[in-house]
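For reference, the structure is listed below as structure tokens.
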Amino acid sequence: MSAWLDFAMEHLPYVLEGLPTTLGLWISAMAIGAVLGLALAWARIYGNRPIYAIATVYVEIFRGTPMLVQMLFIYLGLPEIGITFDPLTAAIIAIGLNTAAYQAEYLRGAVRSVPAGQMTAARALGMGKFQAFTTIILPQALRRVIPQWSNEAILELKYTSIAYAIGVTEITARAEKIGYETFQFFEVFLLIAAIYVVMTSVVAQLLQLLEKKVAVPGL
Amino acid sequence: MLLRVENIHKSYGAVEILKGVSFEMAPGQSKVIMGPSGTGKSTLLRCVNHLSPPDQGRIFVEGEELTAKNLNTMRQKVAFVFQDFNLFTHLRTVENVAIGPRKLRGFSKSAALDLAYKELDRVGLSDRADAYPAELSGGQQQRASIARALAMEPKLILFDEPTSALDPELTGEVVSVMNKLASEGMTMLVVSHEIGFARKAADEVIFMEGGKIIEQGPPSQLFEAPQQDRTRAFLNVIEHGGDA
Ligand SMILES: Nc1ncnc2c1ncn2[C@@H]1O[C@H](COP(=O)(O)OP(=O)(O)O)[C@@H](O)[C@H]1O
Ligand SMILES: [Mg+2]
């Protein structure tokens with residue numbers, strides 16, 4: 001144990017240099033996913049037929065294929081048709097597009113769970129459909145979606161590790177590098193696992209605080 | 001005329017619910033619509049502000065016809081009070097009342113809140129301004145939703161069975177608020193079986209059945225000397241505590 005602690009202390013700084021990359025990748029991807037997910041959810045609930053169909057196909061494709069395949073396609077496949085990204089950008093896009101599909105579905109479920117009378121009452125006041133959605137429905141749906149959204153955020157935080165496959169030097173890639181230099185794979189992956197556990201616990205706690213802070217009786 | 005309802009027809013699927021309904025309301029008038037359940041009373045109210053646009057017929061408010069284009073501005077003149085209140089769950093009572101003026105009438109935040117407190121006072125709910133809807137009793141929720149309607153300073157308020165989701169001991173507080181509004185000259189079109197309210201506040205009672213107006217007249221006439229058998233039968237049921 002103390003040998004592992006010594007090992008951990010020695011290599012922690014190098015691994016943690018990858019933390020900004022991991023967190024930046026995660027936050028950017030979650031943000032893309034939130035914005036695009038909101039648009040997709042709107043399209044799936046209120047869109048006319050063609051818009052609904054496009055959003056549905058999008059969701060099915062991104063939920064129906066592995067994220068690693070999506071990432072490899074964006075990083076290695078798209079250059080063949082002249083679209084090139086550096087590894088980090090490709091990873092942000094891949095994870096962002098993927099989580100958008102999931103966030104859209106969670107949000108759609110949450111919007112559906114808001115009683116129909118809320119929209120009717122907003123429209124009866126004289127709000128347009130979009131205004132009613134943003135001022136009445138969405139604030140309720142967002143509160144309801146926080147638990148699922150937290151799970152999704154934590155899942156994606158862990159998924160940032162697959163960006164290592166396309167050469168992003170986030171924390172997992174750095175750990176692997178130390179492994180090959182020291183041949184102490186057991187120790188180094190234990191270290192990286194500990195780092196992920198700490199990160200996901202902190203995120204879970206923060207989101208639980210948020211959930212409590214915005215809670216409203218009856219929602 | 002403040003409201004002109006002209007030959008409204010409305011079907012759901014193959015079933016014709018409203019079969020040509022017409023009436024008018026002058027400013028300051030109150031009318032009560034009665035009739036058996038499933039007869040199309042709610043559908044008629046929803047047609048009046050196009051929550052369910054009529055298939056045929058026209059609605060005029062202050063002489064202007066309601067269309068798909070002017071709907072959102074016209075609805076600000078025609079408020080709606082729902083049977084099940086439909087207060088906005090995530091907003092405090094005062095915010096429920098302020099949101100219309102704030103978002104739709106161009107009020108500043110503080111002006112909207114001032115107006116909201118004033119309207120809450122009118123319905124006797126000042127002390128519950130900071131509560132969320134889930135923390136209010138049914139009667140309080142309905143009074144809050146009346147305040148929300150009043151804050152739009154509408155020309156006309158439509159009430160769809162405002163007391164029928166309430167426990168009997170809570171209907172009184174809502175009815176007395178409605179009585180007060182009527183006496184202050186608010187124009188009100190009320191679907192309700194509260195005979196007490198109709199007698200006291202209504203200028204006219206409309207009896208509907210099967211998607212049509214069967215009979216209408218002043219409450220004294222309609223209750224004491226109904227002309228139609230069906231009106232008489234219906235009144236018999238509600239006056240003897242039945243659930244018509
Ligand atoms: N959105 C709807 N879709 C289909 N049928 C409806 C809808 N709304 C009402 N109806 C039907 O229309 C008839 C009249 O309903 P309603 O206007 O609610 O009656 P009332 O308010 O007089 O009890 C009922 O048979 C009801 O089932
Ligand atoms: Mg009804």
Side-chain angles (χ1 to χ4, degrees), chain A residues 34 37-38 41-42 45-49 51 103 106-150 207-219, chain B residues 42 45-46 48-53 66 68-93 95-106 130-136 141 144-145 148-154 157-160 165:
Chain A
L38 180 58
W42 166 273
I45 300 164
Y46 300 109
N48 58 20
R49 265 166 182 270
I51 287 180
Q103 291 188 42
Y106 296 140
L107 194 54
R108 185 171 77 118
V111 168
R112 281 272 160 82
S113 76
V114 175
Q118 297 285 303
M119 176 58 104
T120 312
R123 297 303 310 273
L125 272 184
M127 289 189 193
K129 201 189 213 178
F130 187 74
Q131 190 180 22
F133 179 73
T134 56
T135 61
I136 303 300
I137 307 301
L138 197 55
Q140 298 186 34
L142 288 177
R143 284 179 172 87
R144 287 175 187 230
V145 87
I146 291 175
Q148 280 175 306
W149 194 87
S150 303
L207 288 172
Q208 243 173 44
L209 279 182
L210 174 71
E211 189 182 348
K212 284 219 184 78
K213 190 167 158 40
V214 301
V216 158
L219 252 183
Chain B
S42 297
L45 279 199
R46 295 168 63 91
V48 169
N49 75 347
H50 276 221
L51 279 177
S52 318
L66 206 67
K69 286 214 176 69
N70 63 19
L71 195 101
N72 291 334
T73 43
M74 296 290 271
R75 279 183 185 154
Q76 296 180 30
K77 298 183 181 181
V78 184
F80 203 110
V81 172
F82 297 90
Q83 184 172 350
D84 45 4
F85 333 127
N86 292 336
L87 288 171
F88 302 129
T89 319
H90 64 301
L91 298 179
R92 294 175 191 277
T93 302
E95 296 165 337
N96 261 281
V97 182
I99 194 164
R102 177 90 185 94
K103 298 285 176 187
L104 298 163
R105 302 181 61 209
D130 289 331
Y132 285 98
E135 300 169 325
L136 300 179
Q141 287 189 59
S145 94
R148 176 175 67 180
L150 290 171
M152 296 305 290
E153 295 181 342
I157 306 183
L158 310 173
F159 293 81
D160 190 6

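Every chain is numbered from 1, with letters handed out A, B, ... down the list of sequences.
For a residue to count as touching a neighbouring chain, one of its non-hydrogen atoms must lie under 4.5 Å from one of that chain's; by this rule B:Gln76 touches chain A with backbone and side chain alike. Of the atoms belonging to B:Arg92, not a single heavy atom falls under 4.5 Å from chain A. Looking at B:Phe80, the atoms closer than 4.5 Å to chain A (heavy atoms on both sides) all sit in the side chain, from C-beta outward. For B:Val81, no part lies near chain A; criterion is any non-hydrogen pair under 4.5 Å.
Contact record, B:Ala134 with A:Gly218: CB-CA, 3.7 Å, taken as the closest heavy-atom pair. Taking both residues in full, the closest heavy atoms of A:Thr120 and B:Arg46 are given as CG2-NH1, 4.0 Å, listed atom of the first, atom of the second, then distance. Between B:Arg75 and A:Gly126, the closest heavy-atom pair is CB-CA, 3.9 Å. Looking at every heavy atom in both residues, B:Tyr132 comes nearest to A:Pro217 through CD1-CD, 3.4 Å.
Residues passing the salt bridge (charged side-chain N to carboxylate O under 4.0 Å, His left out) test with A:Arg108 are A:Glu105, sequence neighbours excluded.
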Could you go through the side chain to side chain contact (heavy atoms under 4.5 Å, CB included) check for A:Leu125 and B:Arg148 one step at a time? CA-CA 9 Å; A:Leu125 272 184; B:Arg148 176 175 67 180; 4.2 Å; yes

Apply side chain to side chain contact (heavy atoms under 4.5 Å, CB included) to residues B:Ile99 and A:Met127 and explain how you reach the verdict. CA-CA 10 Å; B:Ile99 194 164; A:Met127 289 189 193; 4.2 Å; yes

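Between chain A and the options B:Thr89, B:Asn86, B:Leu158, the largest number of non-hydrogen pairs under 4.5 Å is found for B:Thr89.
Between B:Leu104 and A:Gln131 the shortest side-chain heavy-atom distance falls below 4.5 Å.
Shown here is B:Lys103, whose NZ atom has no more than 12 heavy atoms of other residues, nucleotides or ligands within 6.0 Å.
Contact annotation for residues 140-149 of chain A against chain B (heavy-atom separation below 4.5 Å, listed by residue number): A:Gln140, A:Arg143.
Note that the CG atom of B:Leu51 and the CE atom of A:Met119 stand 11.5 Å from one another [nearest 0.5 Å].
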